[in-house]
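I have placed the structure first, in the form of structure tokens, so that the comments after it can refer back to it.
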Amino acid sequence: MDRLAGSHIVAPDRLDRPFSDPLVVRLFPPLAPGVRWGLERTARALEALGDPHRAYRTIHVGGTNGKGSVVTTLASVLNASGLRAGCFTSPHLCSFRERMLVGGGPLSEEEILACAEEVREPVLRFGLTFFEAITVLGFQAFARAGVDVGVFEVGLGGRLDATNVVRPEVAAVTNIAKDHAEYLGSTLELIAREKAGIVKPGVPLVTAEARPELVDVFREVTRSVGAPFVAVDPDALGEVEVAADHTAFTLPTRAWGDLRVRTPLVGRHQATNAALAIAVLEYLPDELRPTAEAVQSGIRSVEYHGRDQIEVDEGGTWLFDVAHNVAGTRSLVDTIDRLELPRPLVMVVGVLGDKDWRGMLPPLFSRADQAILTQAPSAPPERRWSVRDAGDSVGTITHVTVEEDFERAMQKARAEAGKGTVLVTGSVHTVGSALSVLGLEPLSKW
């Protein structure tokens, strides 16, 4: 396994690879760039394919943070219950194959390419964007694989997201925070309304959002379309145990009584995510609802990388977290405060330029012994932040330095931390690049 050994990079060539998995460029010719709102293109392409998204039951999960954790947890429980679950998440850390799991494992490149061949003609005919195309690809891949249930993460927003062509058994919204304001609105209420756009008549909507003004938005939207509404009470979790390798709590449920839950996903927020997933499972039809044993077993065995992921090797401790907005950063800081991480704590931080890095950096710096601002090599050129501007913005904070070269930043952090902890955070690109350097790609075990 590749590692940073002392102050030497073991595998610098890994950083020379483009972020786009080579598989990606083999799927389709260049597609329409950027975000193009509307469901018509996706719906028409799916219709031309015989509506593969209607070949199995679905669960739909939106929100600002925690969507992927909830989707992955749901799929893990459904697999543990004896069903064959498809798990669709985005974006990926290191490999495109992370986005589409069936039965708990990734599809092969050959399977994905075969599906891409099947959907290519309508994708091109109706002018789909990249995300719309891979959403259609995911629907087709799951139908081809014969899944019983497909669990889908919303890409952006909800109302006009390509995944919103499904009619799920249950829909969920994790929480609301300011992110993608240029698309979703400048206030939390506007963002909540966009994300509530996944509500369908008669389909339960479950949320872990607790702020009354936002809960009121969900209540209003569900009432207007005739959908049941369920709010998970965060206080019902009681005392939450957060350790370096798990999070545990006891949750009262309608279906299974008091459940003792243990997830390998670390952080107080992961207890909330697991509780939300359990509430979704409770509202599934009887024939899909798992037993208490399957719920506990599936949550206990969930795997989701880059979210407060802790790795320890002979060089010291690593903590990886994709926190990319202020709310995510606050959850990360809460996790740091709950863990006894080996000190010193040295941070490698790379944020995208369209994120609120000015709001993200101060809480991180307040917990760091040292922090290094850098550029993720996999970050899209048009979205890269100015590392120098970020460095200038922190003024005279002496424990913050700038190293634009990611390879040298990682090297410096490991050397400065010694047997302490290096935290890599700021974006999916930053964490994905670091995992690739260290040989910790999520799919490396397959």
Side-chain angles (χ1 to χ4, degrees), residues 3-9 240-247 264-270 305-351 355 357-376 385 387 390-391 393-435 437-438 440:
R3 287 289 192 270
L4 291 180
S7 60
H8 302 286
I9 297 284
V240 176
E241 173 189 325
V242 178
D245 62 350
H246 73 272
T247 304
L265 305 182
V266 177
R268 176 65 173 75
H269 58 293
Q270 294 294 2
H305 298 261
R307 281 75 181 171
D308 291 307
Q309 176 182 346
I310 297 175
E311 301 286 343
V312 180
D313 63 17
E314 65 280 1
T317 298
W318 297 89
L319 172 59
F320 307 97
D321 191 80
V322 300
H324 58 277
N325 53 38
V326 174
T329 299
R330 288 173 182 157
S331 292
L332 171 57
V333 167
D334 179 77
T335 300
I336 293 170
D337 290 345
R338 291 171 182 267
L339 299 177
E340 295 182 1
L341 294 168
R343 292 281 177 166
L345 174 59
V346 181
M347 298 183 179
V348 177
V349 183
V351 187
K355 299 298 181 179
W357 52 264
R358 289 178 177 82
M360 293 169 60
L361 296 181
L364 287 173
F365 292 164
S366 71
R367 301 304 193 271
D369 295 301
Q370 285 184 256
I372 303 170
L373 306 182
T374 190
Q375 192 77 259
W385 70 336
V387 183
S393 75
V394 303
T396 59
I397 302 178
T398 57
H399 65 285
V400 179
T401 58
V402 169
E403 177 49 75
E404 295 203 41
D405 183 89
F406 188 79
E407 181 179 322
R408 287 197 291 267
M410 290 276 287
Q411 182 182 58
K412 180 178 178 181
R414 184 72 274 167
E416 295 292 341
K419 295 294 184 180
T421 302
V422 175
L423 164 64
V424 182
T425 190
S427 78
V428 169
H429 299 279
T430 306
V431 171
S433 295
L435 292 176
V437 169
L438 296 169
L440 293 172

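The model shown is predicted, which means the values in this text are computed figures rather than measured ones. Numbering starts at 1 and runs along the sequence shown.
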Which atoms form the tightest heavy-atom contact between [X] and [Y], and what is the distance?
X	Y	value
Val402	Gly391	CG2-CA, 3.7 Å
Val266	Asp308	O-OD2, 3.2 Å
Asp313	Gly315	OD1-N, 2.8 Å
Arg343	Leu345	NH1-CB, 3.4 Å
Val387	Gln375	CG2-NE2, 3.7 Å
Ala376	Phe406	CA-CD1, 4.1 Å

I'd like to know if the side chain of [X] reaches the main chain of [Y], judged simply by a donor and an acceptor atom lying under 3.5 Å from each other, with no hydrogens or angles considered.
X	Y	answer
His429	Ser427	no
Thr430	Gly350	yes
Thr425	Asp321	yes
Thr247	Gly267	yes
His399	Phe365	yes

Distance, nearest 0.5 Å, that separates [atom1] of [X] from [atom2] of [Y]:
X	Y	atom1	atom2	result
Ser433	Glu407	OG	CD	11.5 Å
Glu416	Gln411	CD	CD	11.0 Å
Ile372	Arg408	CD1	CZ	12.0 Å
Lys419	Arg414	NZ	CZ	8.0 Å
Glu311	Leu435	CD	CG	8.0 Å
Thr335	Leu319	OG1	CG	8.0 Å

With a 4.5 Å heavy-atom cut-off, do [X] and [Y] have their side chains touching?
X	Y	result
His246	Glu241	yes
Leu373	Thr401	no
Thr329	Pro363	yes
Ile336	Met347	yes
Arg338	Arg268	yes
Val424	Met410	yes

What I want to find out is whether Arg330 reaches Asp334 closely enough, with some N-O distance under 4.0 Å, to be called a salt bridge. no
Basic-acidic side-chain contact under 4.0 Å: Arg367, Asp337: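 Salt bridge: yes.
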Where do Val351 and Met360 land on the side chain to side chain contact (heavy atoms under 4.5 Å, CB included) test, with the steps shown first? CA-CA 9 Å; Val351 187; Met360 293 169 60; 3.9 Å; yes
Name the one of Val348, Leu438, Val422, Ile310 that satisfies side chain to side chain contact (heavy atoms under 4.5 Å, CB included) with Phe320?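 Answer after filtering Val348, Leu438, Val422, Ile310: Leu438.
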Working note: Thr374 + Val349, criterion side chain to side chain contact (heavy atoms under 4.5 Å, CB included); need CA distance, chi angles, decisive distance, verdict. CA-CA 6 Å; Thr374 190; Val349 183; over 6 Å; no
